[in-house]
Amino acid sequence: MKLYNTLNRTIEEFKPYNPTEVKVYVCGVTPYSSTHVGHALSYVVFDVLRRYLEYSGFNVHHVQNFTDVDDKIIIKAKEEGISENELTERYIQDFFATMDALNVLRATKYPRATQEIPDIIETINTLIESGHAYPAGADVFFRVKESINYGELSNRSTEDMISGSRIEIDPNKENPIDFALWKGSKEGEPSWDSPWGPGRPGWHIECTTMSTKYLGDQLDIHGGGMDLVFPHHENEIAQSEAYTSKQPFSKIWMHNGLLQFGQDKMSKSIGNLVSVEEALTKHQPDALRLYLLSSHYRSPLNYSDEGCEAVARSLQRLRVALEPSAANGTILDASAYKTKFLNHMSNDLDTPQSIAVMFDLAREINRAKESSMEVAEAQNELKTMGNILGITFSLPETAILSNVAPFIDLLLEIRQDLRQANQYDLADKIRNTLQDLNINIEDTSTGPKWQ
RNA sequence: GGCGACGUAGCCAAGUGGUCUAAGGCGGAGGUCUGCAAAACCUCUAUUCGGCGGUUCGAAUCCGCCCGUCGCCUCCA
């Protein structure tokens, strides 16, 4: 399998350290607001990576963190008059509910920063002892100039960063580009005891501690959104390699393009968010998922309801192709489609091309059905492809209560009688009226069907 | 100011040196089927890939310049 590696900006052959297992660490959310469609894009992409690796026979260890201590969390909790813990717990549950709805498989482990404090302190201690970090006042900073490769991931020089006027100068820092490993607490902030006084971990250090603790010193794949490349992942590399004395921290760095909404990226700071919950009131999970995968994961995708609706219509074509057929003639061979599908998946997760293959196969199945070929096997291949992408093909939820079904069946029976009697005006009236109620009638060779 | 990405049909979106007179989807047009529909199937819907130059036997694909859009450099998937 080939994957694009942000570290060297090339597509390279992926070979995990262990030929049978893959260690993946994906940066998770800061749980202080509802999970939005941009998050969904990222986690759906890494879910597809995981599903494809598992399909390819790898045992995948997938760790994803929750950054459950941070300035925004503290502010939001104060605003709502609840504890930080209560706030993060609420949005962690929201995250899980959302991911379940989108058929995202659960990671192997979801560590939370606040539950790893002793280990984080231990990591910081090690870094101080080796001269990579220094306490200053109530804080501890990472000494960036000790890291030779600093800037490699984000392709920028330390000089550029220093000259950038946007870096705030902290008098406690030896160097403006040094970053905090431990932040001394101010009044009213959550804090933990440490050798440097009460405080909390900086943003980046938790990932070093958790990834080395749960996956080992070196990862196969580290993932996240493109907005994390700098400073978060750059700092993570510096810390982790200093901590373990091993390079590289991660073989491959994968970054998904950011979801756009209108002219801007969808983001908490801009406030142009569409929560997944809101999106799912208008679109089925399968449609949203397929939509998120319809452009390449490294490209930005502009979210729109119209786009989702178009995908939902196309999804119906796939479902129709999967409807069972009684024909049992020559067996349709779908192996060529499967090979193509897998080749595209192997090429840096080219899901748009893979999806195109699914539509080609669906057409082939429908064609085969018309000539009474046996398609069950081909249909299974199509389902397998869907499964790799996490598409369930399940029917959209209908508002129809099961106890009205007999009445609809009765209406259709009457309509059949009317059709037999050539009373088409009345038959069409039934069909049109049901259509207005969002019940679609199809007259097939085996009788009428409704949905 | 520094770093990076992108600009392909009405819309979404692949393809990154020859098989591209450019995949797939949505939308649209015509047809087959049907009492009529629906669904499905068939045909058509970019001789062209932001613009201008260059490299090459050959470029949407490489290089340069220009125009436009966006991201990162501050919390962010």
His232(A) side chain to Asp227(A) side chain, donor-acceptor N/O pair below 3.5 angstrom:
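Note: His232(A) and Asp227(A) side chains miss the donor-acceptor criterion.
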Between His204(A) and His233(A), do the side chains contain an N or O donor and an N or O acceptor separated by less than 3.5 Å? no
Partner of C36(B) under the Watson-Crick or G-U wobble criteria, both distances under 3.5 Å, comes out as none
Let's see if you can work this out: which of [options] has an atom nearest to the side-chain heavy atoms of [X]?
| X | options | answer |
| --- | --- | --- |
| Val320(A) | A77(B), A40(B), C72(B) | A40(B) |
| Arg431(A) | C41(B), G2(B), C36(B) | C36(B) |
| Arg419(A) | A77(B), C73(B), C36(B) | C36(B) |
| Glu442(A) | C75(B), A38(B), A77(B) | A38(B) |

Ordered by number, residues from residues 82-109 of chain A within less than 4.0 Å of RNA chain B (heavy atoms) are none
Rounding to the closest angstrom, what is the interatomic distance between [N] and [M] at atom [atom1]?
| N | M | atom1 | answer |
| --- | --- | --- | --- |
| G15(B) | U61(B) | C1' | 9 Å |
| C49(B) | A38(B) | C1' | 37 Å |
| C57(B) | C62(B) | C1' | 16 Å |
| C26(B) | C67(B) | P | 39 Å |

Check if the side chain of [X] and the base of [N] share a donor-acceptor pair of N or O atoms closer than 3.5 Å.
| X | N | value |
| --- | --- | --- |
| Asp443(A) | C36(B) | yes |
| Arg9(A) | C3(B) | no |
| Asp428(A) | G35(B) | yes |

Does this structure show an ion pair linking [X] with [Y], if we count only N-O contacts that are shorter than 4.0 Å?
| X | Y | value |
| --- | --- | --- |
| Asp428(A) | Arg431(A) | yes |
| Lys76(A) | Glu80(A) | yes |
| Lys2(A) | Glu13(A) | no |
| Lys429(A) | Asp425(A) | no |

How many whole angstroms separate atom [atom1] of [X] from atom [atom2] of [N]?
| X | N | atom1 | atom2 | answer |
| --- | --- | --- | --- | --- |
| Phe261(A) | U69(B) | CZ | C1' | 18 Å |
| Gln420(A) | C36(B) | CD | C1' | 16 Å |
| Gln260(A) | C12(B) | CD | P | 13 Å |
| Leu301(A) | G7(B) | CG | P | 14 Å |
| Leu426(A) | C36(B) | CG | P | 18 Å |
| Tyr43(A) | A77(B) | OH | P | 6 Å |
| Glu234(A) | C3(B) | CD | P | 15 Å |
| Leu7(A) | C3(B) | CG | P | 19 Å |

Between Phe66(A) and Phe95(A), does the ring centroid distance fall short of 6.0 Å?
-> yes
Reckon [X] has a side-chain N or O less than 4.0 Å from the OP1 or OP2 of [N]?
| X | N | result |
| --- | --- | --- |
| Asn155(A) | G4(B) | yes |
| Ser299(A) | A14(B) | yes |
| Asn256(A) | A77(B) | no |

Heavy atoms under 4.0 Å, any strand shown: does Gly224(A) hit a base, just sugar-phosphate, or nothing? sugar-phosphate
In B/S/- notation (B base, S sugar-phosphate only, - none; protein heavy atoms under 4.0 Å), nucleotides 24-33 of chain B written 5' to 3' is SSSS------
Problem set entry | Arg317(A) charged N/C atom sitting above Phe359(A) aromatic ring, 6.0 Å / 45° | no
